[in-house]
Amino acid sequence: MNSVVFLFMLLKSLTLYPQPVGDWDEEARRRMELRAQQLEHERLLLEQEVERLIRKSETQQYLQLVTVAVLLVLVLLLWFMGWERSLRRERNEEANEEGVRNRDANGEEAVGNEEGNANWEEDNNDDGNVQQVGNAAANEADHGGNEAVNEDTAVENNYEDLIREVEDLFGEIIGAVLMERIQWPVQDLQRGCEWITDLMDKYATFFGRVLSNSFYPVLQRAIGVGSAFEGWSPREQDVVYRVLVPMTPPRGHSFHLELDTAGHTQVRNFRVRVQLECTCTREQQGDNMLCFLHHPKEELRRNQDPSLLDTLCTGSYLDVQKTARWFCQLVRAIWPALPQSHSWHLTLLPSRRSCQFKVTDGDESFRIEMLLGVRRGDSDIFVSSQPREAHTPNTTWPETYDVAETQFLKHVASQAPPDSLHLHCLQFFTRLQLGFCFSTYAIKTLVMHLLAETPVALWCRRHFLERLLQIRDGLFLCVRAKRLNHFIVGNERLPRDIRVPPDVPTATTHNLFHRLAQDSDAYSQAVLEYWVLKKWLKELIETNLG
């Protein structure tokens, strides 16, 4: 028996303890290391999964306990309210009976006095006293009844306040659980926006230096627009930071925006007509510039750079692709002079109507799109280089409302409570509908309409589930009506701090769901995809709250 045990222990030691490295070939050692790394990775994944299941179980148990406690409190409150009402009713009945007894006793006493007195005047006086006493008793009874009614009303109001507080507490718990369980994008948008803003400020400084004496468009400070600068993102990765660079005409030139109404019903397109202006007065004042209108062309060609009409225009109109190509070359040429170029690498990305590039430092990267635009007057409405439809002509500058929409969301944020979740609601639905026919812009437009109609105080955490269901139901109503109105165009109830030209709020609004009204197949597809989205939302909520 001892020999058997000895052999078993020897065999076990041979299998547990590694052999000397020299006894194993290099290939076997490498396979063992890879296998060990694989097992370690699987162990870490298993530990993470166990921790996640434990947290999920604890959250579910906590939510169930809180739910039971809240329901018990509600039941006790309702029972106590019924008991108090019953008690108040009994007291009111006793008070009424007491008033009736007092009136009867006073009436009998008045009759006895009337029979015992012989004087007619005294009888009249006694009758008057009896009536006064009876009236006083009746008034006292009525006053007691009114006080009882007022007390009942106050008690009911207090109970209603308590019920509202319990409902708010219950909504707060649901909102907290949903916020904790839903996977939100992990990228720090605020930090990214601050970095991009600093980069754009550096670029603006060099734009001013390089273009100060040229006849190219004057580039103003960039304006952050789009989801990232609004504080939300439909993507977890590859966030695009979009900025709009306003352009003003160079000296000796002027811009004139012309509305292009040919064949367009849903998009307002413009053309930027470039016109030469007389600068003879500036020349007389010592400005080193020849007038493009009144100097001979030969002298202009020999002594002065060409005008904007000869460089970035097609005919008399500013060309989008020529301007974007010139702008990209300018961005690339200035980059080495910026302090960011010492630790970041810039890569230009293909684009015909804007300047898109990516900057990386080895650990992180930012994708940036710089659009060019011309402001309409002194408003928040621009015409920009961003296309609204396929095959947009080179001289077409679509009207863009990105700046105005960003201003609206900032206006909402300034009035919303600190725990407002309106951006989380927007982000949740735009991520949920990725791959559907409902565009991100359509969901954003719907949420902006709801923000304008629903008080901002109702977008806090305790109303989170309610707002999600409101957005879902609002999308259904829009699909059924085949209509979702544009938020800026045709909207006469915009906040005053959002500046728009007079023709924008009075214009015919855009229907973002116009395809559903024109194409029955598109409508059927939208209805089907809505029900799929509704099912996903229901399963997600039940999974996180179940």
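Note that this is a predicted model, so its numbers are computed, not measured.
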Phe408 ring center near Phe487 ring center (under 6.0 Å):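 Between Phe408 and Phe487, the centre distance is under 6.0 Å.
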Distance in Å, Gln407 CD paired with His411 NE2, rounded so as to fall on 0.5 Å steps: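 Interatomic distance, Gln407 CD to His411 NE2, rounded to 0.5 Å: 11.0 Å.
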Heavy-atom check, side chain of Ser316 versus side chain of Gln275, under 4.5 Å: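 They are not in contact (no side-chain heavy atoms under 4.5 Å apart), so the answer is no.
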Thr314 and its side-chain hydrogen bond (donor to acceptor under 3.5 Å, both in side chains) partner, picked from Thr395, Asn394, Asp319: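 Exactly one pass, corresponding to Asp319.
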Gln525-Asp519 side chain donor-acceptor pair, cut-off 3.5 Å: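 There is no such pair between these side chains.
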Pairs flagged by salt bridge (Lys or Arg N to Asp or Glu O under 4.0 Å) wherever residues 338-358 is involved - sequence neighbours left out: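 Every candidate salt bridge (Lys or Arg N to Asp or Glu O under 4.0 Å) pair involving residues 338-358 fails, so no pair, neighbours aside, qualifies.
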side-chain contact (heavy atoms from CB on, under 4.5 Å) evaluation trace for Phe229 with Ile196: CA-CA 10 Å; Phe229 282 92; Ile196 303 300; 4.0 Å; yes
Residues in side chain to side chain donor-acceptor pair (under 3.5 Å) contact with Gln470, at least two apart in sequence or another chain: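 Side chain to side chain donor-acceptor pair (under 3.5 Å) check on Gln470 returns Thr454, Arg467.
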Side chain to side chain, Ile443 and Leu426, heavy atoms closer than 4.5 Å: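 Yes, close enough: below the 4.5 Å cut-off.
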Modelled atom types, side-chain donor and acceptor of Tyr441 and His486, under 3.5 Å: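 A pair is found: one side chain offers a donor N or O, the other an acceptor, under 3.5 Å apart.
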Interatomic distance, Leu199 atom CG to Gln340 atom CD [nearest 0.5 angstrom]: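 Interatomic distance, Leu199 CG to Gln340 CD, rounded to 0.5 Å: 5.0 Å.
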Under 3.5 Å donor-acceptor, Arg499 side chain and Asp378 backbone: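 A pair under 3.5 Å: yes.
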Distance in Å, Ser354 OG paired with Ile368 CD1, rounded so as to fall on 0.5 Å steps: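 The distance works out to 12.0 Å.
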Asp201 to Arg221 - nearest heavy-atom pair and separation: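 Closest pair (atom of Asp201, atom of Arg221, distance): OD1-NE, 2.8 Å.
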Polar contact flag, side-chain donor to acceptor under 3.5 angstrom, Arg483-Asn485: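 On atom types as modelled, these side chains qualify, holding a pair under 3.5 Å.
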Criterion side-chain contact (heavy atoms from CB on, under 4.5 Å) on Leu257 and Val272, from CA distance to verdict: CA-CA 5 Å; Leu257 301 182; Val272 181; 3.6 Å; yes
Reference residue Thr248; test side-chain hydrogen bond (donor to acceptor under 3.5 Å, both in side chains); the match among Arg375, Gln220, His253: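 Option passing the side-chain hydrogen bond (donor to acceptor under 3.5 Å, both in side chains) with Thr248: Gln220.
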Nearest atoms (heavy-atom pairs only) where Arg472 meets Phe429: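 For Arg472 versus Phe429, the nearest heavy atoms are N-CZ, 3.8 Å.
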Asn491 vs Arg493 side-chain heavy atoms within contact, under 4.5 Å: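 The answer is yes; the side chains approach within 4.5 Å.
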Pairwise side-chain contact, Thr323 with Trp326, heavy-atom cut-off 4.5 Å (strictly under):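 Of all side-chain heavy-atom pairs linking Trp326 with Thr323, at least one is under 4.5 Å.
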With Glu258 via side-chain contact (heavy atoms from CB on, under 4.5 Å) - residues at least two apart: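 side-chain contact (heavy atoms from CB on, under 4.5 Å) list for Glu258, sorted by chain: Arg271, Arg273, Tyr317.
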Centroid separation Phe464 to His424 less than 6.0 Å: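 No, they do not, as the ring centres are separated by 6.0 Å or more.
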Close side-chain approach of Val500 to Pro505, heavy-atom, < 4.5 Å: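 Yes, side chains in contact.
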Proximity of Phe207 and Phe327 rings by center, below 6.0 Å: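 Yes.
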Residue pairs, two or more places apart or on separate chains, that pass salt bridge (Lys or Arg N to Asp or Glu O under 4.0 Å) and touch residues 391-405: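 Qualifying pairs, neighbours excluded: Arg268-Glu399, Arg376-Glu399, Glu405-Lys444.
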4.5 Å side-chain heavy-atom contact, Trp531 and Val479: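 Trp531 vs Val479: side chains apart.
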Criterion side-chain contact (heavy atoms from CB on, under 4.5 Å) on Leu348 and Cys355, from CA distance to verdict: CA-CA 8 Å; Leu348 287 177; Cys355 179; 4.1 Å; yes
Sub-4.5 Å side-chain heavy-atom contact between Trp335 and Arg332: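 With C-beta onward as the side chain, the pair stays apart.
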Nearest atoms (heavy-atom pairs only) where Leu308 meets Cys313: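 Of all heavy-atom pairs spanning Leu308 and Cys313, the closest is O-SG, 3.5 Å.
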Donor-acceptor contact present, side-chain Thr509 to main-chain Val489, <3.5 Å: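 Pair found, side chain donor or acceptor close to backbone of Val489.
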Pairs flagged by salt bridge (Lys or Arg N to Asp or Glu O under 4.0 Å) wherever residues 360-371 is involved - sequence neighbours left out: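 For residues 360-371: Arg191-Glu364, Arg242-Glu369.
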Rounded distance (nearest 0.5 Å) linking atom OG of Ser341 with atom CD1 of Ile334: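 Interatomic distance, Ser341 OG to Ile334 CD1, rounded to 0.5 Å: 12.0 Å.
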Tyr203 (side chain) donor-acceptor with Val331 (main chain) under 3.5 angstrom: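 Yes; judged by distance alone, with no hydrogens or angles, the pair exists.
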Taking every non-hydrogen atom, the tightest pair across Leu512 and Ala442: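 In terms of heavy atoms, the two residues are closest at CD2-CA, 4.0 Å.
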Over all atoms of both residues, closest heavy-atom pair of Leu318 and Leu312: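 Leu318 and Leu312 have their closest heavy atoms at CD1-O, 3.7 Å.
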Minimal non-hydrogen separation, Val243 against Ala222, with atom names: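 Smallest interatomic distance, heavy atoms only, reads CB-CB, 4.1 Å.
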Thr392: side chain to side chain donor-acceptor pair (under 3.5 Å) partners, not counting sequence neighbours: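 Per chain and number, Thr392 pairs via side chain to side chain donor-acceptor pair (under 3.5 Å) with no residue.
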Whether His510 and Tyr401 hold their rings parallel, tilted or perpendicular, with breakpoints at 30° and 60°: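 Ring orientation of His510 relative to Tyr401: perpendicular.
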Close aromatic pair by centroid cut-off 6.0 Å: Trp344 and Phe366: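 Yes - the distance between ring centres of Trp344 and Phe366 falls below the 6.0 Å cut-off.
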Straight-line distance of Phe270 CZ to Thr400 OG1, nearest 0.5 Å: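 Separation between the atoms: 12.0 Å.
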side-chain contact (heavy atoms from CB on, under 4.5 Å) between Leu330 and Leu211, worked out: CA-CA 10 Å; Leu330 185 64; Leu211 303 174; 4.0 Å; yes
Flag side-chain contact, heavy atom, 4.5 Å: Met247 against Leu219: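 Met247 vs Leu219: side chains touch.
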Rounded distance (nearest 0.5 Å) linking atom NE2 of His422 with atom CD1 of Ile471: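 Interatomic distance, His422 NE2 to Ile471 CD1, rounded to 0.5 Å: 11.0 Å.
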